[in-house]
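As structure tokens, the structure follows; a few thoughts come after it.
Since this is a predicted model, take the numbers as computed values, not measurements. Protein chains get the first letters and strands the later ones, always in sequence-line order, with residue 1 at the start of each.
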Amino acid sequence: MCYSTRPVVPNPSIDLAFAMTAARSPFLVAAEARGFVHQCTDRDALDARLLEGPAVAYIGFDCTADSLHVGSLVQIMLLRLWQRTGNKPIVLMGGGTTKIGDPSGKDETRKLLTVDEIERNKTGIRRIFDRFLAFGEGATDATMPDNADWLDGLQYIPFLREYGRHFSVNRMLTFDSVKLRLEREQPLSFLEFNYMVLQSYDFLELARRHNCIMQMGGSDQWGNIVSGAELGRRIDNRTLFGLTTPLIGTASGAKMGKTAQGAVWLTDDRLSAYDYWQFWRNTEDEDVGRFLRLFTELPLDEIARLERLKDAEINHAKQVLATEATALCHGRAAAEAAQETARRVFSEGATGSALPTVSVPRSELERGLPAIELFVRAGLASSNGEARRLIRGGGARLNDAAITEETRSIGAADLNADGIIKLSAGRKRHALVKAS
RNA sequence: GGAGGGGUAGCCAAGUGGUCAACGGCAGCAGACUGUAAAUCUGCCCUCUACGGAGUUCGAAGGUUCGAAUCCUUCCCCCUCCA
């Protein structure tokens, strides 16, 4: 499962030689052309199977938070593509496996979540998928089962006897998720060691229950996916496929999905649509084409055209990327509002309605309050000290004029014609203050 | 159970009685340059501050000392090897 959502770095050493025969099934054609495919088990057989008719595939997500961030977006877009090309996607909630914690990509054991927390997280994650997939009972409608349904009731001894014997510890020790921990001398508990066993079992269970033929996920999940496919073959003599997406990082090698405030979340209670738009707007030049293919649904020839833009021109492509990506996640209206706000803020130096706004009681404003405090309240600084340093460094501005004095007080006199005060931290982060 | 090694700020990591709020690197923030990009350079990067300082930090709790991240005691946790 791609339960792990850590930021990742591209690995140029793995070059996919998919040059052999062109895929024919709509899903594989699109997935390969758009850069979703990193590795695939028996790709030609999969292609043939997809040509026969709709198929079922799944990706698993851990419920470790009540939202997901861009680290999971490739997987989400892949499921969406799967559905759009006439197949049935399963979003497997790891309600059961979350009680274990995926060791992949982590040095430390994840803290165990309570059952209540897991339930809350599931609801939050469902909200995201509702935007990207069509759920229902139809042949290609998405469903969202929870592996707690079958994992919770497992009996230890019967499970070991029936399934445990198909797993070789020797082999498990060679998997990256395990190997890394061991090499770095980081603890790996038996509990976590079992994660891949359960994930493999999930695959088998979904194959039996929903005739699921493929599991997809991030490339760090390859080992887990393959071992699930193998389990299906050994026990049920089923042909199961696996497909992984490449690790998505920025061209300059940085991990993706971090901004000033932390992770780039997909829900607007954690990250506003405007900030989400900004995240995409600030994509590196070299990433524009790749991101357009992965994170928007524009036709490939149009992307090719946008990608060819050079120098300042490429900013147009970045705007398209930002608006399209935001539209998928937050709706077209919010995306366009974000774009309009950005245009006004950056091109005209004006304000825009999508900027974060704080209101301050009029009486307090009449009295005047320290600029430092206002920056903290507006969320532009996390402590007084940080606000102070911002001013010292020359990065704090009040209505577009640099604040030079740390002791500067802000009051009603600073309200502009519209009754608003605009605060800025650096060139990009802005907030509005209104009297209430 | 035995022997050895280790737990330092978001991460990695130096420090092993005072000059330590703690070298260095990464990540992050701001400034310059630009194109709201990257790269580069500069500053910041525990909290508070009337900028003179003050307060809390180095797994936890005690203790020694004028003074401890550094020494002692107990406890917790991790790693390696042995049984």
Discussion item. Checking side chain to side chain contact (heavy atoms under 4.5 Å, CB included) between A:Glu324 and each of A:Val320, A:Thr326, A:Leu328, which is the one that passes?
Written reply: A:Val320

Roughly how many Å is it from [atom1] in [X] to [atom2] in [N], rounded to a whole number?
X        : N      : atom1 : atom2 : value
A:Arg344 : B:rU36 : CZ    : P     : 18 Å
A:Leu321 : B:rU36 : CG    : P     : 16 Å
A:His316 : B:rU36 : NE2   : P     : 15 Å
A:Phe346 : B:rU36 : CZ    : C1'   : 4 Å
A:Lys318 : B:rU36 : NZ    : C1'   : 8 Å
A:Glu386 : B:rG31 : CD    : P     : 13 Å
A:His430 : B:rA30 : NE2   : C1'   : 14 Å
A:Asp287 : B:rA37 : CG    : C1'   : 10 Å

[atom1] atoms of [N] and [M], separation to the nearest Å:
N      : M      : atom1 : answer
B:rC72 : B:rG2  : C1'   : 24 Å
B:rA83 : B:rC66 : C1'   : 49 Å
B:rU16 : B:rA22 : C1'   : 13 Å
B:rC79 : B:rG53 : C1'   : 43 Å
B:rU8  : B:rG24 : C1'   : 14 Å
B:rC77 : B:rG63 : C1'   : 22 Å
B:rA9  : B:rU57 : C1'   : 8 Å
B:rU70 : B:rU64 : C1'   : 14 Å

Worksheet item: Mapping A:Tyr274 and A:Gly385 onto RNA chain B by nearest heavy atom, which one lands closer to the 5' end?
Response: A:Tyr274

Fill in: First of A:Gly394 and A:Lys428 reached from the 5' end of RNA chain B, by closest nucleotide
A:Gly394

Determine which nucleotide pairs with [N], using a 3.5 Å limit on both distances of a Watson-Crick or G-U wobble pair.
N      : answer
B:rA38 : none
B:rA3  : B:rU80
B:rC51 : none
B:rG43 : B:rC29
B:rU64 : none

Practice prompt. Would you kindly check if the NZ (Lys) or CZ (Arg) of A:Arg281 is within the cone defined by 45 degrees around the ring axis of A:Phe346 and under 6.0 Å from the six-membered ring centre?
Written response: no

Worksheet item: Between A:Phe129 and A:Phe61, does the ring centre distance come in under 6.0 Å?
Response: yes

Does [N] have OP1 or OP2 sitting under 4.0 Å from an N or O in the side chain of [X]?
X        : N      : answer
A:Ser383 : B:rU47 : yes
A:Lys310 : B:rA37 : no
A:Asn384 : B:rU49 : yes

Discussion item. I'd like to know if the side chain of A:Thr323 pairs up with that of A:Glu336 as donor and acceptor (distance under 3.5 Å, no hydrogens or angles considered).
Written reply: no

Worksheet item: Among side-chain atoms of A:Asn224 and A:Gln221, is any donor-acceptor pair under 3.5 angstrom?
Response: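 A:Asn224 vs A:Gln221: donor-acceptor pair found between side chains.
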
Using a heavy-atom cut-off of under 4.0 Å over every strand shown, decide if [X] touches base, sugar-phosphate, or nothing.
X        : result
A:Arg389 : sugar-phosphate
A:Ala342 : base
A:Gln278 : base
A:Glu406 : base
A:Asn282 : base

Practice prompt. Quick one: which residue pairs count as a side chain to side chain donor-acceptor pair (under 3.5 Å) with a foot in residues 406-419 of chain A, not counting sequence neighbours?
Written response: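 Every pair satisfying side chain to side chain donor-acceptor pair (under 3.5 Å) with a residue in residues 406-419 of chain A: A:Arg392-A:Glu406, A:Arg408-A:Asp414.
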
Picking from [options], which would you name as closest to the side chain of [X]?
X        : options                : value
A:Arg429 : B:rU49, B:rA30, B:rG35 : B:rA30
A:Arg388 : B:rC51, B:rA30, B:rU36 : B:rC51
A:Glu284 : B:rC29, B:rA37, B:rU36 : B:rA37
A:Leu390 : B:rA37, B:rA30, B:rG31 : B:rA30

Item to complete: Decide, for B:rG6, between syn and anti: a glycosidic angle within 90° of 0 counts as syn, anything else as anti.
Response: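 The base of B:rG6 is oriented anti (glycosidic angle more than 90° from 0).
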
Worksheet item: Roughly how far apart are A:Ile410 CD1 and A:Leu369 CG, rounded to 0.5 Å?
Response: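 Here the rounded value is 7.0 Å.
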
Worksheet item: Going by heavy atoms in the side chains, are A:Leu79 and A:Tyr58 under 4.5 Å from each other?
Response: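 They are not in side-chain contact.
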
Worksheet item: Under 3.5 Å, is there an N or O donor on one side and an acceptor on the other linking the side chain of A:Arg392 and the base of B:rC51?
Response: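 Looking at the base of B:rC51, it does pair with a donor or acceptor on the side chain of A:Arg392 (distance under 3.5 Å).
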
